[in-house]
S.K.: 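Structure in structure tokens, see below.
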Amino acid sequence: MNKTLKKFASIAMLLIPSALLAQDKMLDLLKIEIKAQMETLKKGDYPPFYMNYRVIDNNTLTLRANMGALTTESETQQILFVPQIRIGTPEFDNFHDAQNGTLTNMFQGPPTILLPKELAGGVETFREIIREEVNSRYKFAVTSLERAKAKDAAGSQNKQTDNSPDFTPAKAEKYFEPALPPDLVRLDLDAWKERIKRYSAIFTQNPDVVNGTVSLTFKIWRKYFVSTEGAEIAENRTYALISISGETTAEDGMTLPLNKSYFAYFPSDLPADKEVEESIKALSTKLSLLKTAPLVQPYTGPALLSGSASGVFFHEIFGHRIEGQKMKSENDGQTFKNMIDEYVLPKEISVYSDPTLKYYQGKNALNGYYIFDDQGVRGERVEVVKEGILKHFLMTRTALDGHPVSNGHARAEFEYDPTSRQSNLVVEATHPKTEEQLRALLIEEAKKQSKEYGYFFKSVTGGFTQTGRASTNSFNVTPLEVYRIYVDERPDELVRGVDLIGTPLSMFSNIEYAGDDFEIFTGTCGASSGSVPVTCISPMIFVNKVELQRKPKPTTTPALLPRP
């Protein structure tokens, strides 16, 4: 439910998730209901062998200002309910033929089921909503199991080659976090509104900027998980994010954006005004340079990727191919499934995924942190690649040949069924190079390939990748700030209109060296179980060959008059 925040004349606003006011009652009611529904459904033709209930009490505050004016002031308050029912056997259940147990994809999830915001006096309504949704999911579970059995019986061409169990044992955890102290979730609303208006007004000082937005998002989540195995979990999550976005338009109509963000667990931990304001001024100056930058030409040759750029690169073209559950499907490309204990990266590079990391090197808050995943399994550090050799995948309670247990990487957006997803993906090097050494290597390689220049990818905004067999296994990363580095020592040249494209195995084979410093990319990853918060941490990398293409020709007519 979305609603406009009421205006307050002065003081701070207190955001307290509604279920926190009755946190013990919420957990108790879920335990009672899951036991009662399990007993009822056991009497049917397809008795469940396992059930869990997830409840997410979501409070999200969003403030957004554009060019000095407040444009958005909203708060979302909702309690979402997501049950999971598994019928058949752990070896072959209703999830056998589908990554998710509901008819969903990343663009359209199942209907959102909301519970009453106040439990007091609404217990029967609460129970009716739960029972109705459980019955609906049970009916779909029966249909899914019967469909999977029919497909399996139709012939060998329909059978999965991976015969590992669809559902594996896991420890039933009991964990309870108390309510957050009010001081931690208290927000001076009026002060923050003035702050982001002042930040965004900096863009008005530059006539080249056509759009300048600054937003504050503060999320407070209270997450509950109970299962018929005895798991009982209540956990808090908080996210505070300042997002800065500026945009200019080239003379040919090409839209040119630049972005920056700051992440912390609470608004009080976000940077002070001076740091944010200096970043906005620097971004604004860079937009003016980008407006008149030359358009890139198609290119193959050497390149450097900054830490943030290489982090997105690894997330998109590597991270999505180590998510174990999707590899059980015969429709998946299964790029690395049969490459355990083989080299997939240079021997000096290691990659791990670690949701237990709350801070990196003791100071940088990480967006992919959590204690328990969305199947109630404690998150674990996973050594995916050790000195170039592939060792493991990100696993859920759905097994994969050679990987029989979960390591706590089942994740989902609110209403989706969880599947294997990334958390904090960290890339490290055992024998790193300095930035100066990497630059020299780039110039040397460009000369070897008879290139006038190589490329340096300073920042990117994201990308996408194809991992299924029905299409080419390719990737497309979207750079924002890209420079030509000339071999004759001319000054670096900013360019525009670049897409970084390729195929994963070819690109991995071209990585040669990594740097001695790191950068952090904080983002949200959208995939088959919705959008989840993630972090990528990586050093600069040197690639001996990349492929660039031009962005599509702009269809927008440039403005005839200057911005007011």
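Positions are given from 1 along the sequence.
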S.K.: Does a salt bridge link Asp373 with Arg411, judged by any charged N lying under 4.0 Å from a carboxylate O?
M.R.: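 Not counted as a salt bridge, because no side-chain N and carboxylate O are separated by less than 4.0 Å.
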S.K.: Does Asp341 pair with Lys391 as a salt bridge, N-O distance under 4.0 Å?
M.R.: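 Looking at Asp341 and Lys391, the cut-off is met.
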S.K.: Considering only NZ, NE, NH1 and NH2 on the basic side and carboxylate oxygens on the acidic side, decide whether Lys223 and Asp374 come within less than 4.0 Å.
M.R.: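 Asp374 and Lys223: salt-bridged.
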S.K.: Where do His392 and Glu383 land on the side chain to side chain donor-acceptor pair (under 3.5 Å) test, with the steps shown first?
M.R.: CA-CA 6 Å; His392 211 345; Glu383 300 287 348; over 6 Å; no
S.K.: Just verifying a value: how many Å separate Leu394 CG and Met327 CE, rounded to the nearest 0.5 Å?
M.R.: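 It comes to 8.0 Å.
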S.K.: Would Lys326 and Glu323 pass as an ion pair if we require N to O under 4.0 Å?
M.R.: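 Yes.
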S.K.: In chain order, what residues pass the ring pair (Phe, Tyr, Trp, His ring centres under 6.0 Å) check against Phe314, with sequence neighbours excluded?
M.R.: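 Residues passing ring pair (Phe, Tyr, Trp, His ring centres under 6.0 Å) with Phe314: none at all.
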S.K.: With the threshold set at 4.0 Å, does a side-chain nitrogen-carboxylate oxygen contact exist between Glu452 and Arg490?
M.R.: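 Result for this pair is yes, salt bridge flagged.
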S.K.: Testing the basics here: between Ser353 and Val384, what is the closest heavy-atom pair and its distance to 0.1 Å?
M.R.: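 Scanning both residues completely, I find the closest heavy atoms to be N-CG2, 4.3 Å.
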S.K.: As a test of understanding, state which of Lys458, Lys260, Lys286 forms a salt bridge (charged side-chain N to carboxylate O under 4.0 Å, His left out) with Glu481.
M.R.: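 So the option named by the test is Lys286.
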S.K.: Between Arg195 and Asp188, is the closest basic N to carboxylate O distance under 4.0 Å?
M.R.: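 Arg195 and Asp188: not salt-bridged.
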S.K.: Do the charged groups of Lys281 and Glu278 touch, with an N to O distance under 4.0 Å?
M.R.: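 Salt bridge: no.
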S.K.: Strictly below 4.0 Å, N to O, side chains only: are Lys447 and Glu445 in salt-bridge contact?
M.R.: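 A salt bridge is absent here (no side-chain N lies under 4.0 Å from a carboxylate O).
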S.K.: Mark yes or no for whether Arg550, through its side chain, and Leu295, through its backbone, hold a donor-acceptor pair below 3.5 Å.
M.R.: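 Looks like no, no N/O pair under 3.5 Å.
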S.K.: If you compare all heavy atoms of Asp492 against all heavy atoms of Arg439, which two are closest, and at what distance to 0.1 Å?
M.R.: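 The pair with the smallest heavy-atom distance is OD1-NH2, 2.7 Å.
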S.K.: For a side chain to side chain donor-acceptor pair (under 3.5 Å) check, start with the C-alpha distance between Ser279 and Tyr262, then their side-chain angles and the critical distance, and finish with the verdict.
M.R.: CA-CA 11 Å; Ser279 291; Tyr262 294 96; 2.5 Å; yes
S.K.: Of all the heavy-atom pairs spanning Met395 and Val405, show the shortest one and how long it is.
M.R.: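 The pair with the smallest heavy-atom distance is CB-O, 3.5 Å.
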S.K.: For residues 486-505, pull every pair meeting ring-ring contact (aromatic ring centres under 6.0 Å, His included), keeping only residues two or more places apart or in separate chains.
M.R.: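 The answer is Tyr453-Tyr486.
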S.K.: Do the side-chain N and O atoms of Thr72 and Thr62 include a donor-acceptor pair separated by under 3.5 angstrom?
M.R.: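 Checked: Thr72/Thr62 side chains show no N/O donor-acceptor pair below 3.5 Å.
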